[in-house]
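One structure below.
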Amino acid sequence: MSAVPEAVDPQARAAAAALTERTVNCEPSVEALASKIAGGKPLRVKLGVDPTAPDIHLGHCVVLGKLREFQDAGHIAVLVIGDWTARVGDPSGRSATRPMLSHDEILANAQTFREQAFRILDPARTEVRPNGEWFGKMGLAPMFELASRATINQLLRRNDFATRMADDRPVSVLELLYPLLQGYDSVELEADVEIGGTDQLFNLMLGRDIQSRYGMPSQVVMTMPILPGTDGIQKMSKSLGNYIGVTDAPEEQFGKIMSIPDALMAEYFRLMFSREPGPTGHPGEEKRRLGRLVVAQFYGEAAAATAEEHFNRVVRDREAPTEIGEYRIDGEEVHIPALLVDALGIGSRSEARRLVTQGGVALDDDPVNDLDMPADALRGRVLRAGKRRFVRLV
RNA sequence: GGGGGGAUGCCCGAGUGGCCAAAGGGAACGGUCUGUAAAAUCGUCGGCUACGCCUACGGAGGUUCGAAUCCUCCUCCCCCCA
C-alpha cells in the first residue's frame with residue numbers, strides 16, 4: 001500500500017483495513033476503499049450470484065461472510081441474482097461451455113438462494129435485485145452502447161478464454177458477453193464495492209472500466225480466496241459433489257468435515273473461522289473442533305454437540321443411531337435385496353445383492369448371508385447397510 | 001460452400017465382425033486397517049429371485065448365422081479451407 005497523498009480519515013482507514021482482512025485482492029487499493037468509507041454514506045457492496053446451482057455451501061459462505069462484515073459496519077449488501085445472465089452461463093474456470101437454463105428453473109433457484117443467503121446475511125441491510133430487471137427491457141441500442149465500451153482484445157485477455165482459444169476449444173460469443181453484462185450490473189446498481197472469488201477478478205475489474213466509461217466512479221474490487229472442496233483438490237461446488245451445504249443436516253455437515261483431508265483443515269479454519277486458532281493439536285481432535293464450529297454456525301451449539309455424539313456412536317463405535325426410521329414389512333418371506341431397495345434406498349436389487357454378498361449388510365450385529373428370510377426373523381431388528389444406513393424393521 | 005475428425009458404461013478412454021456387459025484409469029460402493037485423514041489391501045461396479053435371461057456402445061433402418069465394430073439415412077459436436 002502506497003502512502004496516501006492526503007491523509008484519509010484515520011477511522012475510515014482502520015475500517016477499510018479491517019474489511020480487507022483475508023481478502024486476496026483489494027483494487028485499486030485499500031486507500032481507495034478508505035476514502036469511499038470516509039465519504040460517510042453507506043456503501044453499496046455488490047455480490048453477483050449465479051442461480052444455476054442454488055444451494056449455498058461453505059464456499060459461498062466465505063464471500064457471504066465478508067458481505068456480512070460490511071453489513072455489520074453499516075453498509076448495504078446488494079445481491080444481484082443473475083437471472084438474466086444465467087441464461088448465458090458464466091464461463092469462469094470452466095473448460096467447456098455451459099448449458100443454458102430455462103427461465104423457470106432460474107427463478108426457482110434464485111428463490112432458494114435468497115432464502116439460504118439470509119442464514120448469513122442481515123435481510124434488513126440486503127437489497128436483492130434480479131438483473132432481468134434491467135436486461136429484460138434493454139433494447140439493442142443500449143446494448144450496442146455497452147458493447148462499444150469494451151474491446152475484444154480486453155475480453156480475450158481473460159485466462160480461460162485465452163487457454164481455450166489456444167487449445168482450439170470453443171468460446172461462444174455469448175460467453176464473451178458475460179463479463180460485459182456483469183459489469184453493466186455495477187452501473188445500474190451504482191456499486192461502490194464488488195466482492196467475488198479470486199476467479200472473478202477479471203469480471204470485477206472490467207466492471208470498474210465499464211463504470212468509468214459510463215461516467216461514474218469505479219467500484220472497489222475485492223476478492224476472497226476460493227474454498228477448496230471436501231476432496232481437497234477442486235474448488236467447492238455442488239456439481240462436483242465436494243461440498244458441504246448450509247442446509248445439510250448437522251450430522252451430515254459434521255461427518256463431511258471429518259472426512260476432509262488433514263491438509264485442508266488449516267485452510268478451512270482460516271477462511272471460515274478466522275477468529276479461532278488454527279489447528280495445532282491432534283488432527284482428529286482438531287477436525288472435530290472444526291466440525292463443531294461449522295454445525296454451530298448454522299444450527300447452534302447444542303446441535304453441534306449432538307452431531308458429534310451421533311458421529312461417535314455411529315461412525316466411531318459402529319452402533320445404531322439413537323433415532324432411526326422404521327420400515328414395515330409385509331408377508332412372510334422377505335427377499336432381502338428388495339427390502340434393501342425399499343427400506344434403505346439402495347439403488348437396485350443387484351447392488352443390494354452385492355452388498356449382501358460382500359458382507360455389508362447386517363441385522364443388529366449379525367451379518368446377513370441369505371437372500372431370502374422369513375419375516376419373523378426380521379421384525380424388531382435393525383437392518384444396516386454399510387456403515388451408515390440404518391432402518392428398524394417392524 | 002468445400003474437406004476432414006468424432007459421438008462407447010458416472011467421467012476419461014481402449015476396442016474396427018464372433019473369445020464384448022465391453023480393456024485400462026478415475027470416481028463411487030463394500031470388507032480389512034484407521035483418526036469416516038492420508039497411505040495400503042481385497043472385492044464390486046447395467047438390470048433381473050440370476051451358473052441363465054434381458055437391455056446396452058448418439059438415433060432409425062439394413063447386410064450377416066452373428067455387429068460397438070460393415071452399409072444407408074438422421075441428429076449433435078469439433079477442426080481445416082473459402
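Each chain gets a letter, A, B and so on, in the order the sequences are listed, and its residues count up from 1.
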Run the side-chain donor-acceptor check on residues 322-336 of chain A: report pairs under 3.5 Å with partners two or more places apart or on a different chain.
residue: A/His335; atom: ND1; partner: A/Leu371; partner atom: O; Å: 3.4
residue: A/His335; atom: ND1; partner: A/Asp372; partner atom: OD1; Å: 3.0

N/O donor-acceptor pairs under 3.5 Å from side chains in residues 288-303 of chain A, not counting sequence neighbours:
residue: A/Arg288; atom: NH1; partner: A/Glu308; partner atom: OE2; Å: 2.9
residue: A/Arg288; atom: NH1; partner: A/Asn312; partner atom: OD1; Å: 2.8
residue: A/Arg288; atom: NH2; partner: A/Asn312; partner atom: OD1; Å: 2.9
residue: A/Arg289; atom: NE; partner: A/Glu286; partner atom: OE1; Å: 3.1
residue: A/Arg289; atom: NH1; partner: A/Pro277; partner atom: O; Å: 3.2
residue: A/Arg289; atom: NH2; partner: A/Pro277; partner atom: O; Å: 3.1
residue: A/Arg289; atom: NH2; partner: A/Gly278; partner atom: O; Å: 3.2
residue: A/Arg289; atom: NH2; partner: A/Glu286; partner atom: OE2; Å: 3.3
residue: A/Arg292; atom: NH1; partner: A/Glu308; partner atom: OE1; Å: 2.9
residue: A/Arg292; atom: NH1; partner: A/Glu308; partner atom: OE2; Å: 3.2
residue: A/Tyr299; atom: OH; partner: A/Thr247; partner atom: O; Å: 3.4
residue: A/Tyr299; atom: OH; partner: A/Asp248; partner atom: O; Å: 2.6

N/O donor-acceptor pairs under 3.5 Å from side chains in residues 32-39 of chain A, not counting sequence neighbours:
residue: A/Ser35; atom: OG; partner: A/Glu31; partner atom: O; Å: 3.3
residue: A/Ser35; atom: OG; partner: A/Ala32; partner atom: O; Å: 3.1
residue: A/Lys36; atom: NZ; partner: A/Ser218; partner atom: O; Å: 3.0

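In terms of polar N and O atoms assigned as donor or acceptor, the side chain of A/Gln358 never comes within less than 3.5 Å of the base of B/G31 in a complementary pairing.
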All N/O pairs under 3.5 Å across the protein-nucleotides 34-41 of chain B interface:
residue: B/U34; atom: O4; partner: A/Arg318; partner atom: NH2; Å: 3.4
residue: B/G35; atom: N1; partner: A/Asp262; partner atom: OD1; Å: 3.4
residue: B/G35; atom: N1; partner: A/Asp262; partner atom: OD2; Å: 2.6
residue: B/G35; atom: N2; partner: A/Asp262; partner atom: OD1; Å: 2.4
residue: B/G35; atom: N2; partner: A/Asp262; partner atom: OD2; Å: 3.4
residue: B/G35; atom: N2; partner: A/Lys287; partner atom: NZ; Å: 3.1
residue: B/A37; atom: O4'; partner: A/Lys287; partner atom: NZ; Å: 3.0
residue: B/A37; atom: O2'; partner: A/Asp262; partner atom: N; Å: 3.3
residue: B/A37; atom: N3; partner: A/Asp262; partner atom: OD2; Å: 3.2

Measure all distances between protein nitrogen or oxygen atoms and nitrogen or oxygen atoms of nucleotides 45-48 of chain B, and list the pairs falling under 3.5 Å.
residue: B/G47; atom: OP1; partner: A/Ser348; partner atom: OG; Å: 2.7
residue: B/G47; atom: OP2; partner: A/Arg354; partner atom: NH2; Å: 2.5
residue: B/C48; atom: OP1; partner: A/Arg349; partner atom: N; Å: 3.0
residue: B/C48; atom: OP2; partner: A/Arg349; partner atom: N; Å: 3.2
residue: B/C48; atom: OP2; partner: A/Ser350; partner atom: N; Å: 2.5
residue: B/C48; atom: OP2; partner: A/Ser350; partner atom: OG; Å: 2.5

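Comparing the C1' positions of B/G5 and B/G26 gives an interatomic distance of 26 Å, to the nearest angstrom. B/U55 and B/G47 have their C1' atoms separated by 7 Å, with the value rounded to a whole Å. Annotation: B/C42 and B/C51 have their P atoms spaced 29 Å apart (nearest Å). The same atom, C1', is picked in B/C65 and in B/G15; the two are 23 Å apart, to the nearest Å. Comparing the same atom, C1', in B/G9 and in B/U72 gives a spacing of 27 Å after rounding to whole Å. Using P as the reference atom, B/G52 and B/C20 are 15 Å apart when rounded to the nearest Å. If you take atom C1' in B/A21 and the same atom in B/U69, they sit 16 Å apart, rounded to whole Å. Separation of the C1' atoms belonging to B/A68 and B/A56 is 10 Å when rounded to the nearest angstrom.
Considering only residues two or more places apart in sequence or on other chains, A/Pro261 meets the side chain to side chain contact (heavy atoms under 4.5 Å, CB included) condition with A/Leu264. Partners of A/Phe254 according to the ring-ring contact (aromatic ring centres under 6.0 Å, His included) rule, which considers only residues two or more places apart in sequence or in another chain, are A/Phe311. Residues satisfying the side chain to side chain contact (heavy atoms under 4.5 Å, CB included) criterion with A/Thr112, sequence neighbours excluded, are A/Pro54, A/Asp55, A/Gln116.
A donor-acceptor pair under 3.5 Å is absent between the side-chain atoms of A/Thr20 and the main chain of A/Thr23, judged by distance alone.
A straight line from CG of A/Leu344 to C1' of B/C29 spans 15 Å, rounded to a whole angstrom. Rounded to an integer number of Å, the gap from CG of A/Asn369 to P of B/G31 is 14 Å. Nucleotide B/U49 holds its P atom 17 Å from the CG atom of A/Asp370, rounded to whole Å. The distance from atom CG of A/Leu355 to atom P of B/A28 is 16 Å, rounded to the nearest whole Å.
Under the side-chain hydrogen bond (donor to acceptor under 3.5 Å, both in side chains) criterion, the residue pairs touching residues 140-150 of chain A are A/Glu145-A/Arg149, with sequence neighbours excluded. Among residues at least two apart or in separate chains, side-chain hydrogen bond (donor to acceptor under 3.5 Å, both in side chains) pairs with a member in residues 69-78 of chain A are A/Arg22-A/Glu69, A/Lys66-A/Glu69, A/Arg68-A/Asp72, A/Gln71-A/Thr126.
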Could you provide the dot-bracket string of RNA chain B, using ( ) for intrastrand pairs, [ ] for crossing pairs and | for bases paired to another strand, with Watson-Crick or G-U pairs below 3.5 Å?
((((((((.[[[..)..(.....]]].(((((.......))))).(((...)))...[[[[[..)....]]]]]))))))).

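A donor-acceptor pair shorter than 3.5 Å can be found between the side chains of A/Gln200 and A/Gln182. Residues A/Ser274 and A/Glu21 bring no donor and acceptor atom of their side chains to less than 3.5 Å of each other.
A/Val24 belongs to no multi-residue hydrophobic cluster, having no ILVMFWY side-chain contact under 4.5 Å with any other such residue.
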